[in-house]
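Working notes, structure below.
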Amino acid sequence: QVQLVESGGGLVQPGGSLRLSCAASGFTFSLSVMRWYRQAPGKQREWVASITSGGNTNYADSVKGRFTISRDNAKNTVYLQMSSLKPEDTAVYYCNHPSGIWGQGTQVTVSA
């Protein structure tokens with residue numbers, strides 16, 4: 001059974017940092033592209049970042065230079081390190097496997 005479980009969200013002040021984690025199970029994690037998406041209130045879900053099995057990364061322009069996606073294949077976990085957070089980064093963040101599986105999401109709120 002393919003499963004993705006996100007954690008690490010919370011409330012942070014503008015300019016702060018958070019690290020999200022996504023623990024994966026039920027598939028060969030080390031061979032999989034993994035992605036992070038987010039959905040802000042009243043908006044469509046948008047792609048944030050991707051990492052290939054070989055560690056190549058891509059980012060949405062809105063987060064480039066502030067967010068870093070990484071993976072630990074020994075732990076079957078993908079991370080999203082978020083820095084210089086802005087109020088517009090407030091959203092539910094989701095981990096995604098290309099087969100169409102989504103995690104339950106973790107809330108990130110950036111507010112003073």
Side-chain angles (χ1 to χ4, degrees):
Q1 174 182 351
V2 177
Q3 189 173 15
L4 300 171
V5 179
E6 301 97 335
S7 61
L11 174 63
V12 62
Q13 292 187 342
S17 299
L18 278 176
R19 189 178 79 156
L20 307 183
S21 300
C22 172
S25 60
F27 61 96
T28 308
F29 178 81
S30 61
L31 299 181
S32 297
V33 171
M34 296 298 297
R35 303 182 180 118
W36 284 97
Y37 285 75
R38 67 185 181 186
Q39 187 166 18
K43 295 187 177 181
Q44 289 190 331
R45 193 171 296 188
E46 64 174 357
W47 169 74
V48 174
S50 298
I51 186 166
T52 68
S53 58
N56 294 318
T57 58
N58 281 290
Y59 300 92
D61 287 344
S62 59
V63 307
K64 200 170 293 183
R66 300 187 298 121
F67 290 11
T68 302
I69 188 171
S70 62
R71 66 192 300 155
D72 185 337
N73 290 336
K75 295 183 178 180
N76 282 5
T77 300
V78 60
Y79 303 99
L80 187 68
Q81 177 68 48
M82 306 184 294
S83 303
S84 301
L85 283 162
K86 306 174 182 180
E88 51 263 44
D89 294 318
T90 295
V92 179
Y93 284 72
Y94 297 91
C95 184
N96 169 260
H97 181 269
S99 67
I101 300 299
W102 297 87
Q104 83 287 354
T106 186
Q107 176 71 48
V108 172
T109 302
V110 184
S111 175

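It should be emphasised that the depicted structure is a prediction, and the values quoted were computed from it without experimental measurement. Just the heavy atoms: all of them, side chains too, but no hydrogens, waters or symmetry mates, feed the values below.
Cluster annotation: Leu11 is not connected to Tyr93 through the hydrophobic network of ILVMFWY side chains, with a link wherever side-chain heavy atoms come within less than 4.5 Å.
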Between Met82 and Arg66, is the side chain to side chain contact (heavy atoms under 4.5 Å, CB included) condition met? List the steps. CA-CA 6 Å; Met82 306 184 294; Arg66 300 187 298 121; over 6 Å; no
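No donor-acceptor pair closer than 3.5 Å links the side chain of Arg71 to the backbone N or O of Val78. Proximity of a side-chain donor or acceptor of Gln39 to a complementary backbone N or O of Ala91 within less than 3.5 Å is not detected. Thr77 contributes a side-chain N or O that, together with a main-chain N or O of Lys75, makes up a donor-acceptor pair within less than 3.5 Å. Of the possible polar contacts, none joining the Gln81 side chain to the Phe67 backbone as a donor-acceptor pair under 3.5 Å is found. Between the side chain of Thr106 and the backbone N or O of Gly9 there is at least one donor-acceptor pair closer than 3.5 Å. The main-chain N or O of Tyr94 is never found under 3.5 Å from a side-chain atom of Arg45 such that the two would form a donor-acceptor pair. Distance alone, capped at 3.5 Å, is enough to place a donor-acceptor pair between the Tyr59 side chain and the Ile69 backbone.
Expressed to the nearest 0.5 Å, how far CG of Leu4 lies from OG of Ser99 amounts to 8.0 Å. Separating the CG atom in Leu80 from the CZ atom in Arg38 is a distance of 9.5 Å, to the nearest 0.5 Å.
The side-chain heavy atoms of Thr90 and Val108, taken from C-beta on, include no pair separated by under 4.5 Å.
Heavy atoms from other residues, nucleotides or ligands lying under 6.0 Å from CD of Gln44 number 12 at most.
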Which atom pairs, one a donor and one an acceptor, fall under 3.5 Å between side chains of residues 13-37 and the rest of the protein, sequence neighbours left out?
unit_1 : atom_1 : unit_2 : atom_2 : d
Ser32  : OG     : Thr28  : O      : 3.2
Ser32  : OG     : His97  : NE2    : 3.3
Trp36  : NE1    : Tyr79  : O      : 3.4

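Residues forming a side chain to side chain donor-acceptor pair (under 3.5 Å) with Asn58 (at least two apart in sequence, or on another chain): none.
A salt bridge does not link Asp89 with Lys86: every distance from a Lys NZ or Arg NE/NH1/NH2 to an Asp or Glu carboxylate oxygen is 4.0 Å or more.
The minimum heavy-atom distance linking Val92 with Gln107 is given by the pair CG2-OE1, 3.2 Å.
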